[in-house]
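Chain naming here is simple, since letters A, B, ... match the order of the sequence lines and numbering starts at 1 in each.
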Protein chains: 2
Amino acid sequence: MATSTVENYLKQILLEQQRVEGSPVPMGKVASALGVVPGTTTTMAKSLADSGLVNYAPRKGVRLTEEGEKLALHVLRRHRLIELFLVEILGLGWSEIHEEAEKLEHVISDKVLEKIDALLGFPTVDPHGDPIPTAKGKIDARSLENLSGCPLGEPLRISRITDQAPEFLRFIENNGLQPGAELKISEQNRVAGTLTFSLSKGKTLTIGASAAKKILVE
Amino acid sequence: MATSTVENYLKQILLEQQRVEGSPVPMGKVASALGVVPGTTTTMAKSLADSGLVNYAPRKGVRLTEEGEKLALHVLRRHRLIELFLVEILGLGWSEIHEEAEKLEHVISDKVLEKIDALLGFPTVDPHGDPIPTAKGKIDARSLENLSGCPLGEPLRISRITDQAPEFLRFIENNGLQPGAELKISEQNRVAGTLTFSLSKGKTLTIGASAAKKILVE
DNA sequence: CGAAGGATTTTATTTGTTCAAAATCAGCAA
DNA sequence: TTGCTGATTTTGAACAAATAAAATCCTTCG
Ligand SMILES: [Mn+2]
Ligand SMILES: [Mn+2]
Ligand SMILES: [Mn+2]
Ligand SMILES: [Mn+2]
């Protein structure tokens, strides 16, 4: 059985892998994402490679093997279904569920997971708009535009927030920018690095480019 | 923060402590209950004593300190609320929940726990009839009679099953002996070690003395 | 009393995970 | 081609848990 630690590494590698298609994930990325010192990830990379879960190229990075990816997708499925469950069934706040799921994802049995899945009506996205892998390990890989690269004037719908930090999520929530919200960009100032848009409720808001990059729309 | 291992030790010590009031819990009991070798518990006993969670008398055993008991009761509360949650909300089988709860009890936050508590309507007993400690750490210590020590003919109601082994629970379930079931003892054969009773539905059943001791009634 | 036997503790090792700090490497800049 | 610099790997150590097997300690029995 994979330990929680191993599951966290695999999931994180999967996440990094999806960002940058093709190339191996450098050890430094993994280390900073998991909050450990770089040397630790080197040790773990070797041990994961020994177990056949990743391919490890020293000084280059890691890539999940088929088996590693299967496992990682399963962890990700658990994580996202749990997040939705915490919001829908237990009524937890949008911004506090990530941390909870981070622990629960390692102890939920398949049986419980499928019960949750059914109770939620077999959902396809989690509360942040992230796609939920199926039990078979398929995941919707459709790539969405982020707010800062969209044309002015057109009606857009927010479909995903790519940052789980509680304070960022609280900002999103306080301004009604959750997945599903509709808006039109009214102005984009490349020089100042700002972007102004109006929500369907009439409110107008200006945010920075870095925040805009974390908001995906369709 | 207490690790899962520490939490398991404390909970187990509490459970043993409640069986035999007063005297310290011998290391051998703890070891066999947790499925570890005796030496391991000695090491742990010292370390728990260092943390002020138990009083350890070498060659005698351990006893929870006030702080240790508080922690243990909190773990027990989580365990039992989770069990009820798994049955009531997720519809899991009566006999499979103990193992699930054994893992979940270590990763559920207070926030989630109180949500579950509310969702279940602030219950006082778990699916096996075991009392659920309050958030403050109070637990109903009322002692019940077990089936083998009850008078013949009187109407009795099963209120607690004191064995979490799946196969025993499945036996209980298959014969409708869950908490709440009513029965009358019709015959007790001390020599043969058997006990015969009739359920409210008319069914008659004979069980051994060892099984009868695990069924508590009022 | 004195030995036997069972329970408990010690001791030496193992596995998994982590850190700190020194060593090494690879790519770029002069 | 060197040498620098930042990323990565190595090395040495620590901590949490656990085992196996030897040593020790009580309690009881003849
Ligand atoms: Mn996690
Ligand atoms: Mn999410
Ligand atoms: Mn447990
Ligand atoms: Mn129970």
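- In this structure, a donor-acceptor pair under 3.5 Å is absent between the side chains of A/His79 and A/Asp126.
- In this structure, the CG atom of A/Leu10 is 11 Å from the P atom of C/dT17, given to the nearest Å.
- Ring planes of A/His98 and A/His128: perpendicular class, angle over 60° (limits at 30 and 60°).
- Ion pairing between a basic and an acidic side chain is recognised when a charged N comes within 4.0 Å of a carboxylate O; A/Lys111 and B/Glu99 show no such pairing.
- Between A/Leu48 atom CG and C/dT18 atom C1' the separation is 15 Å, expressed in whole Å.
- Nucleotides of DNA chain D with any atom under 4.0 Å from a heavy atom of chain B span, from 5' to 3', D/dA17 to D/dC25.
- In this model, the phosphate group of C/dT18 is approached by a side-chain N or O of A/Tyr9 to a distance below 4.0 Å at OP1 or OP2.
- Within the 4.5 Å cutoff, no side-chain heavy atoms of A/Asp117 are placed close to those of A/Ile132.
- Not one N or O on the side chain of A/Thr194 forms a donor-acceptor pair closer than 3.5 Å with the backbone of A/Gly208.
- When the side-chain contact (heavy atoms from CB on, under 4.5 Å) test is applied to B/Thr162, the partners found at least two apart in sequence or on another chain are B/Arg160, B/Lys214, B/Leu216.
- Residue-level contact check: A/Thr40 touches the bases, meaning some heavy atom is under 4.0 Å from a base atom.
- For B/Arg77 and B/Glu7, the salt-bridge test fails: no basic side-chain N is under 4.0 Å from an acidic carboxylate O.
- As judged by a 4.0 angstrom heavy-atom cut-off over every strand, A/Lys46 is placed among residues touching the sugar-phosphate backbone only.
- Across the protein-nucleic acid pair, B/Met27 atom CE and C/dT8 atom C1' stand 9 Å apart, rounded to whole Å.
- In this structure, the CG atom of A/Asn8 is 17 Å from the P atom of C/dG16, given to the nearest Å.
- Counting non-hydrogen atoms under 4.0 angstrom, A/Gly28 reaches the backbone sugars and phosphates but no base.
- At the heavy-atom level, B/Ser47 lies nowhere under 4.0 Å from the strands shown.
- Distance A/Met44 CE to C/dC19 P: 11 Å, rounded to the nearest Å.
- Atom CG of A/Leu53 and atom P of C/dG16 are 13 Å apart (whole Å).
- Residue-level contact check: A/Thr3 touches the backbone only, with heavy atoms under 4.0 Å from sugar-phosphate atoms and none from bases.
- Nearest to the side chain of B/Pro38, among C/dT18, C/dT8, C/dC25, sits C/dT8.
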